[in-house]
Amino acid sequence: MPAHPESEQLAATLRALKNRSGLSYEALAKRTDIGGSTLHRYCKGTSVPQDYGSVHRIGTVCGASPDELRSLHRLWALADTARLRENGEERKEEGREAGETADTVPVTDPAVGEPATPDPVPARRTHYPLLAAAAAAVLTLGISAWALSTEAASSANGQGGKDSSASPRADGRVLFSTACRSVVAMGQHDTCVREVQQLLHDKGADIGVDSDFGPQTLRRVTAFQVFAGLPPNGVVDDATKKALYSSSTVRMNVWSPEKVRQRIRAVFTEAPDKAVAIADCQSFLDPLHILPNTNGTRNWGLFQISDTRLRELGGTPRQALDPAWNIGAAERLWRKDRDFHDWRHCERAAGAAASPTQRP
C-alpha cells in the first residue's frame, strides 16, 4: 500500500518512540505481541494498524506519556481514515474495470472481534465491494465516502428543494445554518464542530471546546447517540443535531477517576490493584471511552467490553457506558477463570502508574 502523509506522520512518531526507548525491533515485537515484519511496516509507514490497540501497545511499551498516547490516538485515526478513503477509491476503480462481473463477487461480512479484548482478528483481509467498505467506514470513524457523498447529495438537491436544514435558521441553531455541512464528522475544524462540542459540554460531557473534531469528540458524539437512542455512528447528522438541541433529559456527567478506582477495588476484592491498572490502560478510567475498530465493531466503557462480549453478557451499549454495570460485567468475565485473559495486552499494566484525571 503506498504511503500517504497521515501514515507517514504516524510512522515517524512510532519510530521516534521506539528509538527513545532503546528497544530493538525484535524486543519491541515480543513485548507488544506484534509480528516483527508487521512492526517494521508500521514504523515505515507502509501499513496502518487496523485497530488503535496495536498503536497503544507500542506506545505503552515505549514509555509514552498520557499526552503522547492521546497524540498517537489522533494520528492513528487520521491515518486510518486516509487508508479507508484510499481503499474505497481502489475498489471503485476495480468495479469500473470489472463491469458486469462485479455483481458476482461474494460479499463476506467482517469478522467481529476487537484487539483490545481476546476476540480473534481475521488473519487475512477480505476485499469487499465499495458498498461494504463505505458501510464499515461509517460505522467506525464516521467519515470518508459516506459523509462526502451525503454532503454532495445535499448540495445537489438543496438548491431546488425545500429542505429546511439547508436554509439559515432565525432561531440561532448554528448546526442547521448554511454555514454547516449536512453532516459534521471526524477531521473537521470549524465553528460547526465548536457548536457540537459546546452542546455536549452543556449536557455535562467532559470535552474540550476547541473546534477540532478529533477522537475525543468522536467518542462523546457516539456516547450521546447511545444515550439519545440514536444509531451510534459517530457522525452528527440531522437526527443527532435535532437531539443535541432538544434532548434536555440526556446528561453526560460521569464518575470521577477516584470514584471509578474505589468502585473497582470494592468489586474486584481479590485483585483490586491489578483491576484498576487494567481499566486505566484500557480507557484512562473514562466511563464513556468508546473505541471504534475498522471492522465496524466497538469496545465500550471502562473495561472496553467488546460487542462480542457484550452480546454474551446480555448487555447493551447503554449499559456498557454505565460504570457500575461495566465494572460488574468485567468482574464476571474475570471470575470465569480468575484471571485477566480478556485484557491480555494490558496485564503488564498491573504495576503501571495511574493516568492523570485529564482524559485523551
Side-chain angles (χ1 to χ4, degrees), residues 51-53 56 60 112-120 203-206 216 219-230 232 249-293 297-357 359-360:
D51 60 88
Y52 172 67
H56 184 86
T60 302
V112 177
E114 294 69 48
T117 59
D119 302 321
K203 295 180 183 301
D206 180 6
Q216 185 197 45
R219 291 193 291 269
R220 295 301 182 250
V221 167
T222 305
F224 172 78
Q225 290 171 326
V226 170
F227 292 138
L230 298 170
T249 59
V250 174
R251 300 300 301 169
M252 299 183 67
N253 308 77
V254 297
W255 290 3
S256 68
E258 185 52 39
K259 184 173 181 179
V260 170
R261 293 187 187 98
Q262 291 175 355
R263 182 59 174 259
I264 293 174
R265 289 191 175 101
V267 172
F268 284 84
T269 55
E270 297 179 46
D273 292 336
K274 190 167 185 178
V276 168
I278 286 177
D280 195 6
C281 170
Q282 288 285 326
S283 66
F284 302 95
L285 301 182
D286 176 8
L288 301 185
H289 194 82
I290 302 169
L291 181 65
N293 301 299
T297 62
R298 289 183 175 87
N299 300 336
W300 304 90
L302 288 169
F303 280 89
Q304 289 294 275
I305 297 176
S306 68
D307 284 332
T308 300
R309 285 286 185 258
L310 201 54
R311 287 192 294 270
E312 292 174 0
L313 293 165
T316 64
R318 177 65 183 85
Q319 289 176 307
L321 296 181
D322 175 354
W325 190 93
N326 194 288
I327 294 169
E331 196 274 341
R332 278 191 281 162
L333 292 173
W334 172 85
R335 189 167 293 281
K336 288 181 179 179
D337 298 303
R338 278 181 162 70
D339 64 32
F340 291 94
H341 69 271
D342 263 63
W343 305 274
R344 63 187 185 278
H345 297 305
C346 275
E347 281 196 271
R348 63 180 177 279
S355 66
T357 55
R359 304 186 185 101

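We use all heavy atoms of the structure for the numbers below, so side chains are in, but hydrogens, waters and symmetry mates are not. Source: prediction; values computed, not measured.
- Arg335 meets the side chain to side chain donor-acceptor pair (under 3.5 Å) test with Glu331; sequence neighbours excluded.
- Exactly one of Ile327, Val260, Leu321 qualifies for a side chain to side chain contact (heavy atoms under 4.5 Å, CB included) with Pro287. That residue is Val260.
- The CH2 atom of Trp334 sits 5.0 Å away from the CZ atom of Arg338 when rounded to the nearest 0.5 Å.
- Residues satisfying the side chain to side chain contact (heavy atoms under 4.5 Å, CB included) criterion with Ala330, sequence neighbours excluded, are Phe268, Phe303, Trp343.
- The shortest heavy-atom contact between Asp206 and Arg220 is O-NE, 3.0 Å.
- Contact record, Val276 with Arg265: CG2-CG, 3.8 Å, taken as the closest heavy-atom pair.
- Asp339 is linked by a side chain to side chain contact (heavy atoms under 4.5 Å, CB included) to Asp337, His341, counting only residues two or more places apart in sequence or in another chain.
- His289 NE2 to Gln216 CD: the interatomic distance, rounded to the nearest 0.5 Å, is 11.0 Å.
- Salt-bridge check for Asp342 with Arg309: passed, with a basic side-chain N closer than 4.0 Å to an acidic carboxylate O.
- Separating the CG atom in Leu302 from the CD1 atom in Ile278 is a distance of 13.0 Å, to the nearest 0.5 Å.
- Among all heavy-atom pairs drawn from Gly204 and Arg251, the shortest one is N-NH2, 3.7 Å.
- Here the CG-OG1 distance, from Leu310 to Thr297, works out to 11.5 Å after rounding to the nearest 0.5 Å.
- Contact annotation: the side chain of Leu291 never approaches that of Arg298 to less than 4.5 Å [non-hydrogen atoms, C-beta and beyond].
- A distance of 8.5 Å separates OG in Ser306 from CG in Leu333, rounded to the nearest 0.5 Å.
- Considering every non-hydrogen atom in both Cys281 and His56, the closest pair reads O-NE2, 3.3 Å.
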(request) Just do the side chain to side chain contact (heavy atoms under 4.5 Å, CB included) check on Ile305 and Trp325 with the steps written out, would you? (result) CA-CA 11 Å; Ile305 297 176; Trp325 190 93; 4.2 Å; yes
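- Contact between Ala320 and Asn326 at its shortest, heavy atoms only, is O-ND2, 2.8 Å.
- Remark: Met252 CE to Lys203 NZ distance equals 9.5 Å, nearest 0.5 Å.
- Closest non-hydrogen pair, Leu313 versus Ala329, comes out as CD1-CB, 3.7 Å.
- In this view, Glu258 and Ser256, Arg261, Gln262 satisfy the side chain to side chain contact (heavy atoms under 4.5 Å, CB included) rule, not counting sequence neighbours.
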Mind listing the side-chain donor-acceptor pairs of residues 221-228 below 3.5 Å, one per line with the distance, residues two or more places apart or on another chain?
| unit_1 | atom_1 | unit_2 | atom_2 | d |
| --- | --- | --- | --- | --- |
| Thr222 | OG1 | Leu218 | O | 2.8 |
| Gln225 | OE1 | Asn233 | N | 3.1 |
| Gln225 | OE1 | Gly234 | N | 2.9 |
| Gln225 | NE2 | Asn233 | OD1 | 3.0 |
| Gln225 | NE2 | Val235 | O | 2.9 |
| Gln225 | NE2 | Thr240 | OG1 | 3.0 |

